[in-house]
Structure formats: C-alpha cells, structure tokens
Trainee: 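Once you've had a glance at the structure underneath, I'll fire off some questions.
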Amino acid sequence: MQITNASQLCGVFPALFTPLKDDDPKNLHNSIDYEKMKKMIDDLINAGVSGILPVGTTGQSATVTHKQHLDIIKFTLDYVDGRVPVIAGAGSNCTRESVEMIQEVEKIAEVPVLCVTGYYNNPSQEGIEKHFKTLSSETGAKIIIYNVPGRTASYVHPDTLISLSEDKNIIGLKQAVDFRIGEKYHEDTVRVIKETKNNDFSVLSGEDGFFIDMLELGGTGLVSATANIPEAAKIFVDLYNTFQKGDAQKCDDLQDAARDFVEATFCRKNPIPLGTMFNSPLFQPMSSVRDTARGDEAEARIMKLIREKAPSLLKYHA
C-alpha cells in the first residue's frame, strides 16, 4: 500500500528519527540502530499513524551517508511491509543530486518523496519552480514540496506553489511556516489551499503546534517530529479523527494536550531533543541536549516528560 495521489495525503505522518549506535565516540561514523528503529516503527503504527517518513530533516538527512540514506529507506519499507504507506526524504539544494537520489529510491520502491527547497543557494522563484518540475520530469516520482524557510532561507511563494500544483506528479506541500490567523504566512497559505483545491494537491502542516489551525484552513494532515513520541502520535491521530467528526472543542483540547510534547521536541534544534528521548547519539555537528547551554536542566525536563507522559520511551533508557 503506497500513496499515489493527493487524496491519500491525510492524517499523521511521523518524520522518523534515525537512531544511531553508540559505536563511535567522535559521532562521525556511527552505525544505524535498526533494532531500535523496529521498536519505534511498531509503536507508531500501533498508535494509528497514516504513514512513516524516513530520512527527512528529523531523520538526520543532512548528516547520514548516501548509503545510509538509501539503506534506511529500504529498511523502513521492508520492515513496515505494507502496514502503512512510506514517504521517503529525498531533497537537496542541488537539482542533479536530488534527481539521482530519487531515481535510486524509486529502484527500491515507487514511493512519494519529500523534497526541500534550495537551502543556502536560495534560488529565485523561477529557479525553485524549474527545480521541482525537473524532479518531476526526470524521475516520474510523486513529489511533496517541503517549504521551510526557517531552515533554508528559501520561501516558496503562493504563485510558485499554485503553478507547481498543476504538475500531475507534484501532489502536496509540507508547509512549515506560521500560518495561523494574523501571522505572516496566513494569507499565503489560505490562498494556496483555495487555489489548488481542484488540482490533485494536498497541504499538510509542518508545524506540530498548529495542527488544528491547518485543518481549519482546509489542510489535510501533519508531518511531525513530535509524533515520534507514541503518546504524542496518538493525540495527533485522535485530533485528526475528532476533526473529521466536527468536534471543535475536543480538537482544541487535544492540541493543548500535545503542547508539552511539542515544547520538549523543540526545546533545542530538531532533532537534538529526540536524540535524548530515544537515547541515541547524533552525528556531528549536532550535539546532545546535555552539551548545549543549560543542557542539564533541559535534559531533566525531557526525562521528567518521559516518566510522566511518555512511558513508552522508558525502554530506551533501561
């Protein structure tokens, strides 16, 4: 079971954290901890998520090796074994590199790919549009655009997104901006949702704290770092299902219930806190929560959250 059109981009998709073995004290050449990843995937599927997204930003995509990147995707597909759909992270600020990565992913399985905009080189809107159209034409893969200017300094404007939505292979958008009413990107997001509704195109939240806001705007789901925590994933799944039933008050309560998990996940730059939650090293230049300013206090807060609200993570700290 894999996603082939935008109507299937609905619900909660954890951006899977990549756990590492503690087999290189320098955190340069660590192995992937696949046994831990099995437990993580099982817990998330049991929480009712709509799909799994390996090797996004949360999955240390910037620092895993090329071979590890592809191995993680293959492992995830094999282990998930059709229980839920898989979306693969395959973005780059180099169009050639992203094309080649997607082509290699598609040899493993025909899955949708999440592709980021041009970080650092920060292309023009014309360059961004050409980049995504080239990914489509060269690979034939189903593509989800990742709009995250806070990480890339590259913002995809509404006109560009609306134009790209007309491409049959470009089926969705992960919108990681503040799209709440009154905020900077609210009108842009509303316009994209409204003007792409007749195309095969879905808009998902990339902001864990604003999931209900995205649903109220007409978005269809959430791609989430926080949803790596099974207890948080269950809350988000419940929120999505409750929204479909029209119970607005309960949705607000569920978004409030997710707040402590979201704050813990983003108390340092993602995925640093997830490294602590899953007792995993991080590839350099990421450091552990403990090694950041006032890290002891932050680590203590995370462990308190685990003990009180996320006991499913205790097995990683035995």
Side-chain angles (χ1 to χ4, degrees), residues 6-15 47-51 53 56-58 87 114 116-117 144-152 154-162 165 171-197 199 201-229 231-267 269-270 273 309:
S7 66
Q8 296 167 294
L9 285 175
C10 57
V12 178
F13 298 85
V49 300
S50 298
L53 197 160
T57 306
T58 304
I87 300 169
L114 179 69
V116 72
T117 55
I144 302 163
I145 299 166
Y146 185 11
N147 193 15
V148 56
R151 287 271 191 173
T152 63
S154 178
Y155 178 61
V156 192
H157 291 186
D159 287 342
T160 307
L161 291 166
I162 292 162
S165 75
I171 62 171
L173 167 69
K174 177 184 176 182
Q175 183 76 322
V177 301
D178 194 340
F179 44 71
R180 292 173 297 174
I181 293 174
E183 298 298 333
K184 181 176 181 181
Y185 297 107
H186 173 72
E187 293 301 325
D188 283 1
T189 305
V190 169
R191 184 174 165 227
V192 170
I193 292 170
K194 181 179 179 180
E195 296 190 29
T196 62
K197 67 180 181 181
N199 298 336
F201 192 80
S202 291
V203 180
L204 298 91
S205 175
E207 297 291 332
D208 296 355
F210 312 152
F211 186 21
I212 183 59
D213 302 87
M214 175 57 79
L215 293 175
E216 288 173 345
L217 293 179
T220 61
L222 173 70
V223 178
S224 169
T226 307
N228 276 278
I229 308 167
E231 289 81 358
K234 288 177 182 176
I235 292 171
F236 288 134
V237 169
D238 194 7
L239 193 162
Y240 176 79
N241 291 334
T242 299
F243 184 82
Q244 307 312 309
K245 298 173 184 176
D247 189 343
Q249 182 57 58
K250 186 178 178 183
C251 286
D252 288 338
D253 293 343
L254 288 165
Q255 188 72 69
D256 287 342
R259 182 177 296 115
D260 287 347
F261 296 104
V262 175
E263 289 179 353
T265 302
F266 293 96
C267 70
K269 186 67 71 175
N270 179 45
K309 295 189 174 184

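If you're wondering where the values come from, they're calculated on a predicted model, not measured in any experiment.
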Trainee: With side chain to side chain contact (heavy atoms under 4.5 Å, CB included) as the test, would you mind laying out the steps for E216 and R180 before giving the verdict?
Mentor: CA-CA 10 Å; E216 288 173 345; R180 292 173 297 174; over 6 Å; no
Trainee: Distance from L204 atom CG to S224 atom OG, nearest 0.5 Å?
Mentor: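 Going from CG on L204 over to OG on S224, the span is 11.5 Å.
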Trainee: Give, for atom CZ of F210 and atom OG1 of T189, the distance between the pair rounded to the nearest 0.5 Å.
Mentor: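 It is 11.0 Å, given to the nearest 0.5 Å.
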Trainee: Evaluate side chain to side chain contact (heavy atoms under 4.5 Å, CB included) for L215 paired with L239, printing each intermediate quantity in order.
Mentor: CA-CA 10 Å; L215 293 175; L239 193 162; 3.7 Å; yes
Trainee: Between G51 and P14, which heavy-atom pair has the shortest distance, and what is it?
Mentor: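 Heavy atoms only, the tightest pair is O-CD, 3.0 Å.
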Trainee: If every non-hydrogen atom of A15 is compared with every non-hydrogen atom of V223, which pair is closest and at what distance?
Mentor: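 Minimum heavy-atom separation between A15 and V223: CB-CG1, 4.3 Å.
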Trainee: Are any non-hydrogen side-chain atoms of E183 and V177 less than 4.5 angstrom apart?
Mentor: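 They are not in contact (no side-chain heavy atoms under 4.5 Å apart), so the answer is no.
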Trainee: Compute the ring centroids of F211 and F243, then answer whether they are less than 6.0 Å apart.
Mentor: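 For F211 and F243, the ring centres are not under 6.0 Å apart.
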Trainee: Calculate, to the nearest 0.5 Å, the distance between atoms CD and CG belonging to Q244 and D247 respectively.
Mentor: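 Q244 CD to D247 CG: 12.0 Å, rounded to 0.5 Å.
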Trainee: Just wondering, do K309 and I229 contact through their side chains at under 4.5 Å, heavy atoms?
Mentor: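 No; the side chains remain at least 4.5 Å from each other.
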Trainee: In Å and rounded to the nearest 0.5 Å, what is the CD1 to CD1 distance from I87 to I171?
Mentor: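 With rounding to 0.5 Å, CD1 (I87) is 7.5 Å from CD1 (I171).
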Trainee: For N199 and S165, which heavy atoms make the closest approach, and how far apart are they?
Mentor: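 Reported closest heavy-atom pair: ND2-OG, 2.8 Å.
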Trainee: Does N241 use its side chain to pair, donor to acceptor, with the backbone of D238 at less than 3.5 Å?
Mentor: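 No, N241 side chain to D238 backbone: no donor-acceptor pair under 3.5 Å.
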Trainee: Once you round to the nearest 0.5 Å, how far does CD1 of I235 lie from OG1 of T226?
Mentor: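 Spacing of CD1 (I235) from OG1 (T226) equals 10.0 Å.
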Trainee: Using the rule given for side chain to side chain contact (heavy atoms under 4.5 Å, CB included), can you reason through D188 versus L161, listing the C-alpha separation, both sets of side-chain angles and the distance that settles it, and then say yes or no?
Mentor: CA-CA 10 Å; D188 283 1; L161 291 166; over 6 Å; no
Trainee: Under a 4.5 Å cut-off applied to non-hydrogen side-chain atoms, are M214 and I193 in contact?
Mentor: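 Yes. Closest side-chain heavy atoms under 4.5 Å.
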Trainee: Quick one, N270 with R151, criterion side chain to side chain contact (heavy atoms under 4.5 Å, CB included). Give me CA distance, side-chain angles, the key distance, then yes/no.
Mentor: CA-CA 11 Å; N270 179 45; R151 287 271 191 173; 3.6 Å; yes
Trainee: State, with a plain yes or no, whether a side-chain heavy atom of K234 is found less than 4.5 Å away from one of V12.
Mentor: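 A side-chain contact under 4.5 Å is absent here.
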Trainee: Is the backbone N or O of L9 less than 3.5 Å from a side-chain atom of T220, with the two atoms forming a donor-acceptor pair by type?
Mentor: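 Indeed, once roles are kept as given, a pair shorter than 3.5 Å links the two residues.
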Trainee: Does the side chain of Y240 reach to within under 4.5 Å of the side chain of L222, using non-hydrogen atoms?
Mentor: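 No, every pair of side-chain atoms sits at 4.5 Å or beyond.
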Trainee: Do I162 and F201 come close enough that some side-chain heavy atom pair is under 4.5 Å?
Mentor: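 In short, these two side chains do not touch, never coming nearer than 4.5 Å.
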Trainee: One thing to verify: whether D256 and R259 come together as a salt bridge, which I'm taking to mean a side-chain N less than 4.0 angstrom from a carboxylate O.
Mentor: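 D256 and R259: salt-bridged.
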Trainee: Once you round to the nearest 0.5 Å, how far does CD of E207 lie from CG of D178?
Mentor: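 So the gap between those two atoms works out to 7.0 Å.
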Trainee: Indicate yes or no: at least one non-hydrogen side-chain atom of H186 is less than 4.5 angstrom from one of D213.
Mentor: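 They are not in contact (no side-chain heavy atoms under 4.5 Å apart), so the answer is no.
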Trainee: In the structure I gave you, are the side-chain heavy atoms of F236 and D208 within less than 4.5 Å of one another anywhere?
Mentor: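 SC-SC contact between F236 and D208 confirmed.
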Trainee: Could you report the tightest heavy-atom contact between C267 and P273, atom names first, then the distance?
Mentor: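 Closest approach of C267 to P273, heavy atoms only: SG-CG, 3.9 Å.
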Trainee: Donor-acceptor pair, S202 side chain versus G172 backbone, under 3.5 Å?
Mentor: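 Absent.
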Trainee: Do Y185 and N147 get their side chains close enough for a donor-acceptor pair, meaning under 3.5 Å?
Mentor: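 No, N147 and Y185 have no side-chain donor paired with an acceptor closer than 3.5 Å.
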Trainee: Quick one: closest heavy-atom pair of R191 and P158, and the distance?
Mentor: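 The answer is NH1-CB, 3.5 Å.
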